[in-house]
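Proteins get letters first, then strands, A, B, ... in listed order; numbering begins at 1 in each.
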Amino acid sequence: GAVVSQHPSWVICKSGTSVKIECRSLDFQATTMFWYRQFPKQSLMLMATSNEGSKATYEQGVEKDKFLINHASLTLSTLTVTSAHPEDSSFYICSARSQESSYNSPLHFGNGTRLTVT
Amino acid sequence: AQKITQTQPGMFVQEKEAVTLDCTYDTSDPSYGLFWYKQPSSGEMIFLIYQGSYDQQNATEGRYSLNFQKARKSANLVISASQLGDSAMYFCAMREFNAGNNRKLIWGLGTSLAVNP
């Protein structure tokens, strides 16, 4: 159980275009989803926290107009990278927490999306 | 100040031997949890083991065990009988229960483990 599906696994887009990444909880309802960015051989950097039905909370230094997060349902959150630039190339990974989870529950992660902006 | 410190950027271990990956943490919250995740080169994050601040015994999960020393604020991961498939990045993370921050995890910088045949 507790499967998180992230799509696409990898995407190449041209500079100036937008790309949408989907994160779905397949067998549970995710009240909270976390979006991370990871540079090669570095740790996970939390970008934002999204709660279903409300606006996402962005971490300091993350441009909310550039990284649009929508959590419209209990099973789907999306991250849209708008007007992508080569410096946005990175590995993006989502994780989800269920309504029933307790403090000692691990987060469930998607498999990540490798974005390359040319 | 770093809340989670992993001092070993890279580690090597011989197949079938045991290896210890270090993690120290800093918190003033008396209630917290520590998590270890594995990230293979494919990128997915795999949960390995959890230790709660009030747990009396060290956590164990198969070949993984946690050497939890609360007074020293350390939560080292021990992998016994290393296998080639254990080669990956390993991350230590902490959740502070009273932080009121959506239960987000605070991450260490990770340790890259290479298992030699």
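Side-chain N or O atoms of R95(B) include one that pairs as donor or acceptor with a backbone N or O of S105(A) at under 3.5 Å. Under the 3.5 Å distance criterion, the side-chain polar atoms of S43(A) are left unmatched by any main-chain donor or acceptor of G110(B).
Contact of T113(A) with chain B is not made at all, since no heavy-atom distance falls under 4.5 Å. Contact annotation for Q6(A): neither backbone nor side-chain heavy atoms come within less than 4.5 Å of a heavy atom of chain B. In this structure, chain A has a heavy atom under 4.5 Å from the backbone of S41(B), while its side chain stays farther away. Contacts between F35(B) and chain A at a heavy-atom distance below 4.5 Å involve the side chain alone, from C-beta outward. For L107(A), the parts sitting under 4.5 Å from any heavy atom of chain B are the backbone and the side chain alike. For chain A, no part of Q6(B) is nearby; none of its heavy atoms comes within less than 4.5 Å.
The six-membered or imidazole ring of Y37(B) lies near that of F109(A), with a centre-to-centre distance under 6.0 Å.
Taken to the nearest 0.5 Å, the CG atom of L44(A) stands 9.0 Å off from the CE atom of M89(B). Rounding to the nearest 0.5 Å places NZ of K104(B) at 13.0 Å from CZ of R97(A).
For Q42(A) against F91(B), the heavy-atom pair with the smallest separation is O-CZ, 3.7 Å.
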